[in-house]
There are 2 protein chains.
Amino acid sequence: MATRTDAPTRREQILKEAARLFAERGFHGVGVDEIGAAVGISGPGLYRHFAGKDAMLAELLVGISGSLLTGAKQRLKEAEGAAAPGTVLDSLIEGHIDFAIDDRPLITLHDRELDRLRDTDRKLVRQLQRQYVELWVSVVREVYPALAEPVARSAVHSVFGLLNSTPHLTRPGSLPGRTATAALLHRMARGAFAAAAEAE
Amino acid sequence: MATRTDAPTRREQILKEAARLFAERGFHGVGVDEIGAAVGISGPGLYRHFAGKDAMLAELLVGISGSLLTGAKQRLKEAEGAAAPGTVLDSLIEGHIDFAIDDRPLITLHDRELDRLRDTDRKLVRQLQRQYVELWVSVVREVYPALAEPVARSAVHSVFGLLNSTPHLTRPGSLPGRTATAALLHRMARGAFAAAAEAE
DNA sequence: AGGAGAGGTTAGCGGTCGTTAACCTGAAGG
DNA sequence: CCTTCAGGTTAACGACCGCTAACCTCTCCT
C-alpha cells in the first residue's frame, strides 16, 4: 500500500466531509452550502470539483465498494493456495473490520444511501457489492462445506450487519479501545459463522 | 395479545405507508403528497391526522422502541426466576427476530432516521433504546458472567446489527423461508455471544 | 509583460416541499 | 330539518435547495 504523506487534495477534503455529513444527516438532509462550509469554501465553489451533489455520493459509494472488493481480492491472492481456508476467512474478516472501524461514515453510507444514486451508478455499485459478497460466500463454504449456498449467503449478509455495527459502538476513542473492539468483532464473526454451520 | 380483526384506522394506514416510504427513500426523500397518495388521499389531507411530517416519524420511532422494550420486559417477566438464563436469552432473541423479519421497514427506520427527530422526541427514543439494550446486557451477563459490562454492551449492539440485517436478506418470500431464516439468525446470534465470551 | 486557466466569489433563477387557508360534503344527533 | 363536525378538497405562500451565470483574482508559463 502506497502510504500517503502529502496533504490531501481539495477534492479529497470535500469527499471526506461530504461522507461525514451524509452519514450524519442523510443525503437529502445536507445542503451543498454546508458541504462547502465544511471545507472552508462556500456553496457553489464545489462545482469546480464535482458535477453536482449526486456525483459526490456516486464517487463515495463506488469508491467504497471498489476498495472493499479490491482489498478482498488482494488478500485472497496473498493466501494463494498455501494457507488454510480458515486463515483466508480470518484475513477477510480482518480487512472488513479495519474498514468498518476506520471509515465509519463510509460504512454507514454504504448500506443507507445506495438508492439515491442514478440508475447507472447504482447498478455499478450493486455489481461490486455482489462480487464482494460472492467472494466471501465461496471462502466461507470452503471453511464450512456443510453450508448450502443460499444459507451461506444469508450468513455473510448477517455477519456484515454485525461488523458494520461499529457506528453504534461507543464513540471513537472510548473505553474498549480499537484493538480490543477489533478482536471482539472478529471473535463474534467467527462464532456466528461456526454457529450457522452447526446442525443446518 | 389482543389480536386485531377489525380494519385498520386511517391513522394506522398512514403510519404503515409512511414507514415503508421512509425506509425506502429516507425521511427527507419522501414528500407528504406521496404519503397521502399511498393511502388514497392527497397531500394536506394528512394534517387532519398528524401535526406534521415530523410527528409521523416521531410516532413511528417511539412506537418501535416502545414495543421492543415492552415485549422484552414481558418475556423477562414470563421467565420470572424459574427458567434458566439461557432460555431467557433465547426468548429475547426470538422476540427481536420476529420483529426484524415482520417489520423490516420499522427496523430500518429505527437505526437510520433517529437524528431527524426533534430534540425531545429523540431523547425519549434514545432512552427507550438504552433501556432495551441494558435489559439485554444484564441477561447476557447472566448467561456469560465472564463478560465485562462494556464488552457485553458492545456484543449486544453487534448482535443487533446481525439480527437487523434482515432487510438485506433475500426479498420476502424467497428461498430460505421465514422459519429457516429465523432459525439461522438465532443460531448465529447465540454463536456470536458465545464467541464474545471466549478468552476475553 | 501578458494571457490563460484554476479556483474562488455573490446574485439569482426555477423547482420543490411542508404547511396553512378557505372551502366543501356526507353522516350523525337533537 | 338543521347543525355540527370529521375528514376531505384545491390554491397558494414562504422557505429552501441545487445549480448556473457572471465576475474576480491569483499563479504560472512563455
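We use all heavy atoms of the structure for the numbers below, so side chains are in, but hydrogens, waters and symmetry mates are not. Order of the sequence lines sets the chain letters (A, B, ...), proteins ahead of strands, with each chain counted from 1.
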For the residue pair B:Phe160 and B:Tyr132, does the interplanar ring angle fall in the parallel (under 30°), tilted (30 to 60°) or perpendicular (over 60°) class?
->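 B:Phe160 vs B:Tyr132 ring planes: parallel.
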Assign the ring pair B:His96 / B:Trp136 to parallel, tilted or perpendicular, where the plane angle (0 to 90°) is split at 30° and 60°.
->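 Because their plane-to-plane angle is over 60°, the rings of B:His96 and B:Trp136 count as perpendicular.
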Go through the steps for A:Leu169 and B:Ser158 under the test side chain to side chain contact (heavy atoms under 4.5 Å, CB included), then give the verdict.
-> CA-CA 8 Å; A:Leu169 270 34; B:Ser158 297; 4.1 Å; yes
Using a heavy-atom distance cut-off of less than 4.0 Å, which residues of residues 49-62 of chain A contact DNA chain D?
->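 Residues of residues 49-62 of chain A that come under 4.0 Å of DNA chain D are, in numerical order, A:Gly52, A:Lys53.
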Please list residues of residues 35-42 of chain B whose heavy atoms come under 4.0 Å from any atom in DNA chain D, ordered by number; otherwise none.
->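 Residues of residues 35-42 of chain B that come under 4.0 Å of DNA chain D are, in numerical order, B:Ile41, B:Ser42.
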For the pair [X] and [Y], find out whether any cationic side-chain nitrogen is under 4.0 Å from an anionic carboxylate oxygen.
| X | Y | result |
| --- | --- | --- |
| A:Lys16 | A:Asp103 | no |
| B:Arg112 | A:Asp111 | yes |
| B:Arg20 | B:Glu17 | yes |

Between A:Arg48 and A:Gly31, name the one whose nearest nucleotide on DNA chain D is closer to the 5' end.
->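 Taking each residue's closest nucleotide, the earlier one in sequence belongs to A:Gly31.
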Nucleotide interval of DNA chain C bounded by contacts with chain B (heavy-atom cut-off, under 4.0 Å) =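 Going 5' to 3' along DNA chain C, contacts run C:dG18 to C:dC23.
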Give every residue pair that meets the salt bridge (Lys or Arg N to Asp or Glu O under 4.0 Å) criterion with at least one member in residues 139-148 of chain A, sequence neighbours excluded.
->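 As it turns out, the salt bridge (Lys or Arg N to Asp or Glu O under 4.0 Å) pairs with a partner in residues 139-148 of chain A, which skip direct neighbours, are A:Arg141-A:Glu149.
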5' to 3' contact window, DNA chain D with chain A (heavy-atom distance under 4.0 Å) =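 So the contact region on DNA chain D extends D:dG18 to D:dC23.
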Atom of A:Ala38, atom of A:Leu21 and distance for their closest heavy-atom approach =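 Heavy atoms of A:Ala38 and A:Leu21 come nearest at CB-CD1, 4.2 Å.
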Would you find a donor on one side and an acceptor on the other, under 3.5 Å apart, between the side chain of B:Arg104 and the backbone of B:Thr166?
->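 Such a contact is found between B:Arg104 side chain and B:Thr166 backbone.
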Output every pair passing ring-ring contact (aromatic ring centres under 6.0 Å, His included) with a member in residues 17-39 of chain A, not counting sequence neighbours, ordered by first then second residue.
->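 Applying ring-ring contact (aromatic ring centres under 6.0 Å, His included) to every pair that reaches into residues 17-39 of chain A, excluding sequence neighbours, yields A:Phe22-A:Phe27.
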Between CE of A:Met56 and CZ of A:Arg11, what distance do you get to the nearest 0.5 Å?
->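 CZ of A:Arg11 is found 9.5 Å from CE of A:Met56.
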Full working for side chain to side chain contact (heavy atoms under 4.5 Å, CB included) between A:Arg153 and A:Glu134 = CA-CA 8 Å; A:Arg153 189 152 28 238; A:Glu134 294 310 315; 2.7 Å; yes
